[in-house]
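Following: one structure in structure tokens, then a few remarks.
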Amino acid sequence: MRFDVVSLWPEMLEPYVSYGTLWAAQERELIEVHLHRLETFSQQGRPVVDDRPFGGGAGMVMRPEPFARAIDAVRAEAGTKPLTVLLSAQGVRLEQQLAKDLARERALTLLAGRYEGVDERVASLCDVELSIGDYVLAGGEVAAAVVLEVVARMVPGVVGRYESASTDSFFAGPLLGHPQYTRPRTFRNMKVPRVLMSGDHEKIRRWRAVEAWRKILRCRPDLAGLRQPPAR
Ligand code: SAM
């Protein structure tokens with residue numbers, strides 16, 4: 001699968017895609033990541049990507065032309081029509097199921113905004129506006145990194161053992177993964193539950209199912225249709 005990210009500061013993403021799962025997936029040619037500098041697509045000799053908002057107000061708004069040119073250039077380079085995503089706090093919220101759906105695309109182009117946001121006309125050039133949560137970041141680069149990683153993990157083969165993704169939280173709907181333990185067996189007087197060392201796989205499976213539900217009730221009761229307690 002091909003990912004293109006268009007950003008004012010693509011170097012923010014370079015280190016991110018150079019480690020761990022994303023790096024390994026590129027090495028194994030399961031994904032390709034192309035980072036593009038928005039300024040490259042501004043008008044010749046006029047590297048201006050933002051301007052004052054019509055109607056007044058604080059801050060600067062990102063102009064539409066560089067994004068439009070970037071979309072066209074990526075399309076030509078990719079030789080296909082990627083699904084084009086405008087990263088925006090106002091978009092549909094990214095969830096695991098949506099990530100699975102996006103991972104079926106051949107190519108995804110992510111447009112990262114900055115400042116007060118992006119001229120609204122860019123949204124109509126895109127297939128979807130996508131948010132990573134109901135809060136506002138200073139820019140779309142962190143959102144691009146989140147989308148890239150979440151979607152790439154759903155590309156077949158990217159997560160080494162499929163089982164390790166399929167037991168993750170949210171993989172099979174609004175459920176959490178079970179608690180995990182490793183060595184040492186005792187840490188600061190807290191012991192690893194004995195059942196996990198019993199070798200009885202059926203008992204372990206049942207224990208994990210119960211504990212996953214306990215965790216839902218403790219941390220995310222909203223997933224069980226209960227009220228979320230106020231954050232401490
Ligand atoms: N004025 C905008 C608003 O009210 O939604 C916020 C602009 S924000 C400071 C600048 C850029 O950060 C946005 O254009 C978008 O690309 C990115 N961004 C901020 N929050 C985001 C979120 N929750 N999800 C995805 N992208 C986000």
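All values below come from the heavy atoms of this structure, side chains included, with hydrogens, waters and symmetry mates left out. Note that ligands are numbered from 1 as they come in the structure, with each ligand's atoms numbered from 1 the same way.
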Practice task
Taking atom CD of Glu29 as the centre, report whether more than 12 heavy atoms of other residues, nucleotides or ligands fall under 6.0 Å from it.
Solution key: no
Handout entry: N/O separation below 3.5 Å, Gly133 to ligand 1
Key = yes
Exercise for the section: Counting heavy atoms only, name the option from Glu116, Gln90, Glu129, Met62 that's nearest to atom 4 (O) of ligand 1. Expected result: Gln90
Exercise for the section: Give yes if a backbone or side-chain nitrogen or oxygen of Tyr115 is under 3.5 Å from a nitrogen or oxygen of ligand 1, and no if not. Expected result: no
Handout entry: Under 4.0 Å to a heavy atom of Val136 - the qualifying atoms of ligand 1, by number
Key = 6 (C), 8 (S), 9 (C), 20 (N)
Exercise for the section: Quick one: look up the protein heavy atom nearest atom 24 (N) of ligand 1 and list residue, atom name and how far away it is. Expected result: Ile132 N, 3.1 Å
Practice task
For atom 23 (N) of ligand 1, grab the closest protein heavy atom and report residue, atom and distance to one decimal in Å.
Solution key: Tyr135 O, 2.8 Å
Handout entry: Protein contact of atom 8 (S) of ligand 1 - nearest heavy atom, named by residue and atom, plus distance
Key = Leu137 O, 3.2 Å
Problem - Verify same cluster id: Tyr16, Leu35 (apolar side-chain graph, 4.5 Å) - result: yes
Exercise for the section: Using distance alone, determine whether Leu87 and ligand 1 share an N or O pair under 3.5 Å. Expected result: yes
Problem - ligand 1 N/O within reach of Leu130 N/O, cut-off under 3.5 Å - result: no
Problem - Shortest protein heavy-atom distance from atom 21 (C) of ligand 1, along with the residue and atom involved - result: Ala89 N, 3.6 Å
Practice task
May I ask you to check whether Val118 has an N/O atom sitting below 3.5 Å from an N/O atom of ligand 1?
Solution key: no
